[in-house]
Every structure is written in C-alpha cells, then in structure tokens.
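In this text, all values refer to a predicted model and were calculated from it rather than measured experimentally. Both ligands and their constituent atoms are indexed starting at 1 by order of listing.
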Amino acid sequence: MKVKDLEFKEFISAEAIDQKVKELAAKVSEDYKDKTPLLLPILNGSFVFASDLVKELTVPCRISFVKVSSYNGTQSTGQLKTLIGLEESLFNQHIIIIEDIVDTGLTLQKIVEELRALGTKSVEVVALLRKKPAREKSIEVKYVGFDIEEEFVLGYGLDYDGLGRNSKGIYQAANGQ
Ligand code: 5GP
C-alpha cells in the first residue's frame, strides 16, 4: 500500500486488532467492575481504537475526547505539553487515558502527573501499541495491546502526514524506510 511517498506493508491484521481490543476491554471491565470510569482518548490518533474499545466495555463509563497541545515552557528544555479540551471535573474520578501508541512516553508521563494533581481517584493508561523506548524507560502503561520495536506504523487511526488513518489494519513502512 502506498501512502504519499512511502510503501507500507501489513503489520497487524484487522482480525488480530479486533481480538486484542476484546481482550483489553475484558481486562478493563473486570478491573473496573464496581466503578464508573471516565475515559479520556487522546486525539487524533486514538479515535478508532477508543470507539472499538468502548463498545466492548461492560461497565458504565463516560467518555471525553482530549488533545495534547504544545506550548512554550518557561524552561529552556524545550516544549512542554498539556491537555486541552477537558470539560468536566476530574475530581474523585477514575480516569482511563486511551492512547493509540506510546513511543517515548514523555508526554504521557506528564499528562498522568497533571491528572493525578487534579484530585482524581486513579489514573491508568490503555495503549494499543507500545514502542521500545517506553518499555525501556518503564513508562507506566497498565493495559498494552501490542509491544512493538521502533518501526513507524500507520492505520487504525494512526497517520502518516495526515493520511492512512482509515485503514482497518496497522501497516509499517516497508524496507526500513
Ligand atoms: P511519545 O510522546 O510517546 O513519544 O509520542 C506518542 C505520539 O507520537 C503518539 O500519540 C503518536 O501521535 C505519535 N507516534 C509515535 N510513534 C508513531 C508511529 O509509529 N506512527 C504514527 N503514526 N504516530 C506515532
């Protein structure tokens, strides 16, 4: 499959994703069986995963889509990122962040800290994909679909320059491009 200038090959089939989403939803439903979590999918990439996941959950839940925005921090270390689009109070809520893919996990780590500081009851993360750097740095992700190496992937909500989000499976750049 060609997307813009790059050739991609199938990496994880739609069927395998479907199976994994059901497994993740079953674990989350079991762990939250007496709770009503608030799901926070991080746009744009996680919209497909979040949509499939919530349909499989058997616990009552609320869902609110958020975005990560960058702003120029006061520190010289570069850009800090923060959550935007939060409309409800998170106080005393059980939060589940839904991520498409965790790579370095640096933004995620900061967001988790930010949410914990708001008086939430708990904050956990469900990510469909986790890359090697996040594993090596022990970034906290309670529910992981697939552990992958460092290849660039697209499809199932993930894009390459805005394209490819509508593919049912997940694809990786062919020949190490
Ligand atoms: P991190 O902060 O963990 O380094 O970056 C996570 C974000 O980078 C993801 O939410 C996603 O938007 C983007 N990203 C990381 N790896 C990939 C990839 O292989 N493909 C695509 N399409 N986006 C990625």
Side-chain angles (χ1 to χ4, degrees), residues 1-14 16-18 20-21 24-25 28 38-54 63-73 75-86 95-117 123-177:
M1 175 173 79
K2 194 160 178 132
V3 179
K4 277 192 83 182
D5 52 330
L6 292 186
E7 196 60 47
F8 286 84
K9 58 176 191 240
E10 190 179 71
F11 181 48
I12 307 174
S13 70
I17 296 171
D18 186 51
K20 190 62 81 176
V21 168
L24 289 171
V28 172
L38 171 62
L39 311 178
L40 297 184
I42 301 190
L43 290 172
N44 291 326
S46 69
F47 77 105
V48 178
F49 175 43
S51 157
D52 285 348
L53 188 76
V54 294
I63 184 159
S64 181
F65 286 83
V66 290
K67 262 198 156 180
V68 173
S69 136
S70 23
Y71 62 92
N72 288 316
Q75 295 159 322
S76 58
T77 46
Q79 291 207 313
L80 297 175
K81 298 203 174 158
T82 191
L83 275 188
I84 55 169
L86 272 176
I95 307 295
I96 305 178
I97 298 172
I98 303 182
E99 258 290 29
D100 48 0
I101 185 165
V102 186
D103 183 0
T104 65
L106 292 177
T107 305
L108 186 63
Q109 211 166 31
K110 176 163 184 293
I111 287 168
V112 169
E113 281 165 21
E114 207 175 300
L115 292 174
R116 289 203 170 124
V123 183
E124 297 294 354
V125 180
V126 48
L128 183 66
L129 301 157
R130 178 173 61 178
K131 283 191 184 178
K132 206 170 162 192
R135 282 202 294 287
E136 288 174 349
K137 272 192 258 105
S138 309
I139 298 288
E140 232 184 295
V141 183
K142 185 159 184 183
Y143 308 96
V144 179
F146 301 94
D147 270 317
I148 65 171
E149 294 303 307
E150 293 189 57
E151 54 264 299
F152 181 80
V153 292
L154 69 67
Y156 197 69
L158 288 153
D159 74 308
Y160 168 50
D161 201 15
L163 300 169
R165 295 192 197 275
N166 53 321
S167 296
K168 286 184 180 154
I170 292 174
Y171 290 75
Q172 88 185 106
N175 313 318
Q177 290 169 96

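Residue Leu158 has no nitrogen or oxygen atom sitting less than 3.5 Å from a nitrogen or oxygen atom of ligand 1, judged on distance alone. Considering backbone and side-chain atoms alike, Asp100 places an N or O below 3.5 Å from some N or O of ligand 1.
Under a cut-off of 6.0 angstrom, the local environment of NZ in Lys67 is sparse, with at most 12 non-hydrogen atoms contributed by other residues, nucleotides or ligands. Around atom CD of Glu151, more than 12 heavy atoms belonging to other residues, nucleotides or ligands sit under 6.0 Å away.
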Thr82 vs Glu114, test: side-chain contact (heavy atoms from CB on, under 4.5 Å). Steps then yes/no. CA-CA 8 Å; Thr82 191; Glu114 207 175 300; 2.8 Å; yes
Start with the C-alpha gap between Lys131 and Ile101, add the side-chain angles, then the distance that decides, and say whether side-chain contact (heavy atoms from CB on, under 4.5 Å) holds. CA-CA 7 Å; Lys131 283 191 184 178; Ile101 185 165; 3.6 Å; yes
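Of the candidates Asp159, Leu154, Leu163, the one placing a heavy atom closest to atom 22 (N) of ligand 1 is Asp159. With Gly157, Gly105, Ser46 as candidates, the residue nearest to atom 3 (O) of ligand 1 on a non-hydrogen basis is Gly105.
Protein heavy atoms are found less than 4.0 angstrom from atom 1 (P) of ligand 1.
Screening Ile170, Ile17, Val144, Val102 for a side-chain contact (heavy atoms from CB on, under 4.5 Å) with Leu129, the sole residue that qualifies is Ile170.
Of the protein's non-hydrogen atoms, Asp103 CB, 3.8 Å is the one closest to atom 5 (O) of ligand 1. Of the protein's non-hydrogen atoms, the one nearest atom 20 (N) of ligand 1 is Val153 O, 2.7 Å. Annotation: atom 14 (N) of ligand 1 to nearest protein heavy atom, Ile101 CG2, 3.7 Å. Shortest contact from atom 4 (O) of ligand 1 to any protein heavy atom: Thr104 OG1, 2.6 Å. Scanning all protein heavy atoms for the shortest distance to atom 16 (N) of ligand 1 gives Lys131 NZ, 3.2 Å.
Proximity to Thr107 (heavy-atom distance under 4.0 Å) selects the following atoms of ligand 1: 2 (O). Residue contact check: Glu151 has heavy atoms under 4.0 Å from atoms 19 (O) of ligand 1. The contact set between ligand 1 and Glu99, taken as ligand atoms under 4.0 Å from a residue heavy atom, comprises 10 (O).
Put simply, the side chain of Glu99 never gets that close to the backbone of Leu128: no donor and acceptor are under 3.5 Å apart. A donor-acceptor contact shorter than 3.5 Å is absent between the side chain of Arg135 and the backbone of Glu149.
Residue Leu108 places no heavy atom under 4.0 Å from ligand 1. Within the structure, the closest approach of Lys81 to ligand 1 does not fall below 4.0 Å when heavy atoms are considered.
The shortest distance between side-chain heavy atoms of Val125 and Ile111 does not fall below 4.5 Å. Taking the side chain as every heavy atom from C-beta outward, Asn44 and Asp159 never approach each other to under 4.5 Å. In this structure the side chain of Asp52 reaches within 4.5 angstrom of the side chain of Tyr156, judged on heavy atoms.
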